[in-house]
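Have a look at the structure below, then the notes.
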Amino acid sequence: MEYNFKEVEKKWQSYWQENKTYRVEVDPSKPKYYVLDMFPYPSGAGLHVGHPLGYIASDIYSRYKHLKGFNVLHPMGYDAYGLPAEQYAIQTGQHPAITTEKNIRRYREQMDKIGFSFDWDREIRTCDPEYYKWTQWTFIQMFNSFYCYDKQKAMPISELVKAFETVGTQGLNVACGEEMNFTAEEWKNKSTKEQQEILLNYRLAYLADTMVNWCPQLGTVLANDEVKEGLSIRGGYPVVQKKMRQWSLRVSAYAQRLLDGLDRIDWSDSLKDIQRNWIGRSQGADVKFDVKDSDLKLEIFTTRPDTIFGVSFMVLAPESDYVKPLTTPEQADAVAEYLDYVSKRTERERQTEVKKVTGVFTGSYAINPFTNEAIPIWISEYVLSGYGTGAIMAVPGHDSRDYAFAKHFNLPIIPVIDDGEGHDMSEGSYDAKVGKLINSGIINGMEVKEAIAYIAKEVEKRGIGKSKINYRLRDAIFSRQRYWGEPFPVYYKDDLPYMLDESKLPLELPEVDKYLPTENGEPPLGRAKNWKTEEGYPLELNTMPGFAGSSAYFLRYMDPHNNNALVDHNICNYWRNVDLYLGGSEHATGHLIYARFWNMFLYDLGVACEEEPFKKLINQGMIQGRSNFVYRIQGTNTFVSVGLKDQYKTTEIHVDVNIVKNDVLDLDAFRAWMPEYANAEFILENGKYICGWAIEKMSKSMFNVINPDTIIEEYGADTLRLYEMFLGPLEFSKPWDTQGIDGVYKFLRKFWRLFQVGEDFCVSDEAPSKEELKVLHKTIKKVEYDIENFSFNTSIPAFMICTNELTALKCNKRAILEPLVIALAPFAPHMAEELWSLLGHTQSITKESFPRWEEKFLVEDTFEYPVSFNGKVRFKLSMPLTATNADIESAVKAAPESTKWLEGKEIKKMIIVPKKIVNVVIG
RNA sequence: GCCCAGGUGGCGGAAUUGGUAGACGCGCUGGACUCAAAAUCCAGUGUCCCUUAAAGACGUGCGGGUUCGAUUCCCGCCCUGGGUACCA
């Protein structure tokens, strides 16, 4: 009886579904294990063969953990809000909810065919009001919180108000937009509106003016990549830099905790590095400079206080608040002209034209606190308003950007560090933090490190500055002028934002007649009828960004139907956090930062039980496409096989990989593929048309998309699962190549045949031989080791070797085959279930335990020593395990093969590594 | 520019971390079974020298080093992929 995968896979998929085999509940009697995949955005194209890679790996691991006795949580859902459905809605008028629903059904259908062990009772969708109720709820909690640096956690905003009422801002050490100073008395005298405005400066979710690309004609904010040369890519309308009132999340408050947490989690070093760079901690000092003929103090941030004697000018960001007060009447026109130039520059231009040096003198001078010299204050776009204080002290001798600026505007360059090798200042700055200070008054002769500490201390002593740590991580802009996203639970009264009462949640997304901005530039929600509270206050028109819904979904899976809480505390206390998270590394600076931040906030609130949401993270690689080409002889409809194409002038054309098998083109299918090829002629080699090939991204336009359904149709889901794993290490990017799939397909059929005698299913109850037991235990050991280390690609060869060896031994013994079936179950669950039931078991294989391997079946009596002479292996020597080094030494000398290699030479040394190798050094 | 990962046959990739490099699979070559095909099975397959075999030499991006022994460790380069960039 041949293995009928179609029938078997269908049978077990419906069995699992009907019996809810993978349903999971809290069970304190068992250890928990939480395996999570990054949930997909359900796009219209459906799944291609690359998408399930991570799902298959996580499925193997969770099935394995289950067999190992863990209570495994393994859920799946959909990141359902997103741009493509909205774009489609704009074009067709079809509601994005309908498109999304359709796509989800298609995804589910495709996933079901692969045989995953998801607990579908826990499915969530971010666009479901029952789900986004808790996204909105969390936002309200953020609005009602501030971040206290002393306690290193989020606190209720009411505590801050209490502090303001009693001591004002005195002794305050909290996260904020800008430093504020007022007394309790002053606070009490402020109007409600003023007080609310001040509180926004401290809330974790806050409304503030932020710089954005604004396109007036399109009536929307644009991302940097949607703008080119100051014009919008769509329409070509002018785009300006504009401050807009936007919602933001104070992610920056958690910068240090996000950094520290990385040391406690099991992620790849490269991913941790990406996050560390993104957070960008730098230790330095804020220093205040007096301004000549003014009461103003100019505060700058520097990481190199040691170079303060080398400061020859100061630079302000064009957007800096210092610009206005520091511009003198004589320079007013020049500054205005420069600011106008800068405002027309887009972020993109500033980024691409990094080498372009521009700037203008303000007319004012700062006083160097250490030399008392007057130094000119300039404005330049190379200084960013959003980092540090938006102003710098420029040390052209030791900073390459300051150097370029000084050269361009002919400003003095003062060397203050001697690198000991006579660095030539005319060739560029010396940026390294190594050397001795020169031309630097009190710190002359000090090493750089010493000098940094000395000046930092001196600055604090004089009260002109303090040590400070800056982070590159910015707050997350949280508003989008889009329709298909979570509505904010916010209404406006007196121009101030207020949160809806929690009892009003969820605030459901309203219907609109069109998915475009309104005529007067409001977001699409401006079109909704009655978009106001019961009291008549207008509701927020923006929606939340894509990352809102994906920032706490892992918590919701624990308790997805709870209507009273994001997650029940006892349930959360059991599942705690994700033990294994699988997904792409493209989320390193997005989702994986936001989700950690969001979870830390919920942890501070007492909702989450662990500070870090994802204990271990694996980034699966991308599966690329393998494109096929045909070669048309130019000006004809004749196609030449790849081996002969150099004899003609040809054009390379992508051909649908689905009509090519093993690089051989199906000629009839090609003629039927497109009308223009209906009369195609071919020049063959060896009677076949061979196509060329290349590795490219899998995409429709390259005709190289492989649909998992097609593979399952032809080879079955188990083969697909095995082959995706066999392709290579999980983390690598690798091309899909259908050619190789035969190998694993053959393996499965061979495995099946182990249970057959002739045409019938037949296993023997005979006792296994020593040799058979060795094969079994060797395999289980290897497979277990590989699964634990996520090298599924090497455990499949272990099964293949095992099957070949058992076939050679003609072994069909139950004692060997039963444990093997269980070990194979995580990889090929359908076949395993079928064999298990054929072996006479009445309950699902998921109820079994993973087999244990025992060392005693693996130990040998002898070891075959490779004997090498001067590092080159010459022969093998079989020795008992009990042999001493002296035994081995004399055996090597006595071996007849040795005489050949020793001829005319003497043994200088003999290295014997027990159970490894013998190396004879001769000379 | 800076940070990270990687470079092994015709191809995807193994090598239990310093101990027989190329497991396993694909592809290719030959054979068996077939009227034939498919399927299946068996054998071979890093390079060079050679009619063949034995034997040998070379071989893990390049150049050095440590070691009895290096794909693995160290130093200096080259290339590929990823991240990031006026972050002071």
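Within every chain, numbering begins at 1; the chains are lettered A, B, ... in the order of the sequence lines, protein sequences first and strands thereafter. Basis for what follows: all heavy atoms, side chains included, without hydrogens, waters or symmetry-related copies.
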To the nearest Å, how far apart are Leu730(A) CG and A5(B) P? 19 Å

G6(B) versus G12(B) - spacing of their C1' atoms, nearest Å: 16 Å

When you measure from the centre of the six-membered ring of Trp267(A), is the NZ or CZ of Arg276(A) under 6.0 Å away and within 45° of the axis? no

Do Phe792(A) and Phe726(A) have ring centres separated by under 6.0 Å? no

Going by the side chain to side chain contact (heavy atoms under 4.5 Å, CB included) test, name the single residue among Phe5(A), Tyr3(A), Tyr723(A) that passes it with Tyr745(A). Phe5(A)

Pick base, sugar-phosphate or nothing for Arg874(A), based on heavy-atom distances below 4.0 Å to the nucleic acid. sugar-phosphate

State the pairing partner of A15(B); accept Watson-Crick or G-U wobble contacts with both distances under 3.5 Å, and report none otherwise. none

Is a donor from one side chain sitting under 3.5 angstrom from an acceptor on the other, for Ser585(A) and Asn619(A)? no

Among A88(B), C3(B), A14(B), which is the nearest nucleotide to the side chain of Leu384(A)? A88(B)

With rounding to whole Å, what would you report as the distance between C4(B) and G59(B) at their C1' atoms? 30 Å

To the nearest Å, how far apart are Leu902(A) CG and C68(B) C1'? 15 Å

Report which part of the nucleic acid Pro729(A) touches: base, sugar-phosphate, or nothing (heavy-atom distance under 4.0 Å, all strands). sugar-phosphate

Does G56(B) count as syn, meaning its glycosidic angle lies within 90° of 0, or as anti? anti

Spacing of the C1' atoms in A14(B) and G9(B) (rounded, Å): 13 Å

Would Asp286(A) and Lys468(A) pass as an ion pair if we require N to O under 4.0 Å? yes

Write down the partner of A21(B) under the Watson-Crick or G-U wobble criteria, each distance required to be under 3.5 Å. none

Looking only at A14(B), G19(B), A88(B), the nucleotide nearest the Ser282(A) side chain is A88(B)

When the P atoms of C86(B) and U67(B) are considered, how many whole Å apart are they? 48 Å

Where along residues 390-399 of chain A does a heavy atom come under 4.0 Å from RNA chain B, residue by residue in number order? Ile392(A)

Determine the Euclidean distance between corresponding C1' atoms of A15(B) and A54(B); express it in Å to zero decimal places. 29 Å

Taking C26(B), A23(B), U20(B) as options, the one with an atom nearest any side-chain atom of Pro797(A) is A23(B)

In whole angstroms, the gap separating P of G83(B) from CG of Leu592(A) amounts to 14 Å

Counting heavy atoms from C-beta on, name the nucleotide in G19(B), A88(B), G56(B) closest to the side chain of Trp901(A). G56(B)

Lys746(A) side chain, from C-beta outward: closest of U40(B), G13(B), G25(B): U40(B)

Among U16(B), G56(B), G69(B), which is the nearest nucleotide to the side chain of Asn919(A)? G69(B)

Round to a whole Å and report the spacing from CH2 of Trp267(A) to C1' of A5(B). 18 Å

Whole-Å distance between A5(B) C1' and Leu271(A) CG? 12 Å

Which listed nucleotide (G19(B), C68(B), G25(B)) is nearest to the side chain of Val921(A)? C68(B)

Electrostatic pair Arg749(A):Asp742(A) at N-O distance under 4.0 angstrom: no

Just by distance, with hydrogens left out, do Thr589(A) and Tyr594(A) show a side-chain donor and acceptor under 3.5 Å apart? no

Quick one: Ile274(A) CD1 to A85(B) P, roughly how many Å, whole number? 12 Å

U80(B) pairs with, by Watson-Crick or G-U criteria that keep both distances under 3.5 Å: A5(B)

Tell me what Ile911(A) touches on the nucleic acid: a base, only sugar-phosphate, or nothing, going by heavy atoms under 4.0 Å. base

Would you mind telling me which of C86(B), C24(B), U40(B) lies closest to the side-chain atoms of Arg749(A)? U40(B)

In whole Å, I'd like the distance from the CD atom of Gln275(A) to the P atom of G82(B). 20 Å

Return the orientation label for the Phe405(A) and Tyr382(A) ring planes: parallel under 30°, perpendicular over 60°, tilted otherwise. tilted

Side-chain donor-acceptor pair present, Tyr338(A), Thr358(A), cut-off under 3.5 Å: yes

If we call it a pair only when both distances are under 3.5 Å in a Watson-Crick or G-U wobble match, what pairs with C73(B)? G65(B)

Spell out yes or no: do the side chain of Asp273(A) and the base of C4(B) have one donor N/O and one acceptor N/O closer than 3.5 Å? no

Check the chi torsion on U17(B) and let me know: syn if it falls within 90° of 0, anti if not. syn

Identified pairing partner of G56(B), criterion: Watson-Crick or G-U wobble below 3.5 Å: C48(B)

At under 4.0 Å between heavy atoms, what does Lys750(A) touch on the DNA or RNA strands: base, sugar-phosphate, or nothing? sugar-phosphate

Distance between the P atoms of G65(B) and U16(B), in whole angstroms? 27 Å

Could you tell me which nucleotide pairs with A85(B) by Watson-Crick or G-U wobble geometry, both distances under 3.5 Å, or answer none if nothing does? none

Looking at Asn277(A), I'd like to know whether one of its side-chain N or O atoms comes within less than 4.0 Å of OP1 or OP2 on A85(B). no

OP1 or OP2 of G83(B) under 4.0 Å from side-chain N/O of Thr589(A): no

Would you say Lys909(A) reaches C68(B)'s phosphate, i.e. side-chain N/O to OP1/OP2 under 4.0 Å? yes

Under a 4.5 Å cut-off applied to non-hydrogen side-chain atoms, are Ile741(A) and Lys746(A) in contact? no

Nucleotide forming a Watson-Crick or wobble pair with C41(B), both distances under 3.5 Å: G31(B)

Using the side-chain heavy atoms of Met800(A), tell me which of these nucleotides is nearest: U20(B), C26(B), C24(B). C24(B)

G19(B) versus G69(B) - spacing of their C1' atoms, nearest Å: 7 Å

Respond yes when some side-chain nitrogen or oxygen of Tyr387(A) is under 4.0 Å from OP1 or OP2 of A88(B), and no when none is. yes

With Gln739(A), which residues qualify under side-chain hydrogen bond (donor to acceptor under 3.5 Å, both in side chains), at least two apart? none

Hey, does Asn470(A) reach any base, or is it just sugar-phosphate, or nothing, if we go heavy atoms under 4.0 Å? nothing

Selected nucleotide, minimal atom distance to Ile801(A) side chain, candidates U84(B), A23(B), G13(B): A23(B)

Integer angstrom distance from the P of A37(B) to that of G31(B): 12 Å

Trp901(A) six-ring face occupied by Arg874(A) cation (under 6.0 Å, within 45°): yes

So, is Arg472(A) near the phosphate of A85(B), with a side-chain N or O under 4.0 Å from OP1 or OP2? yes

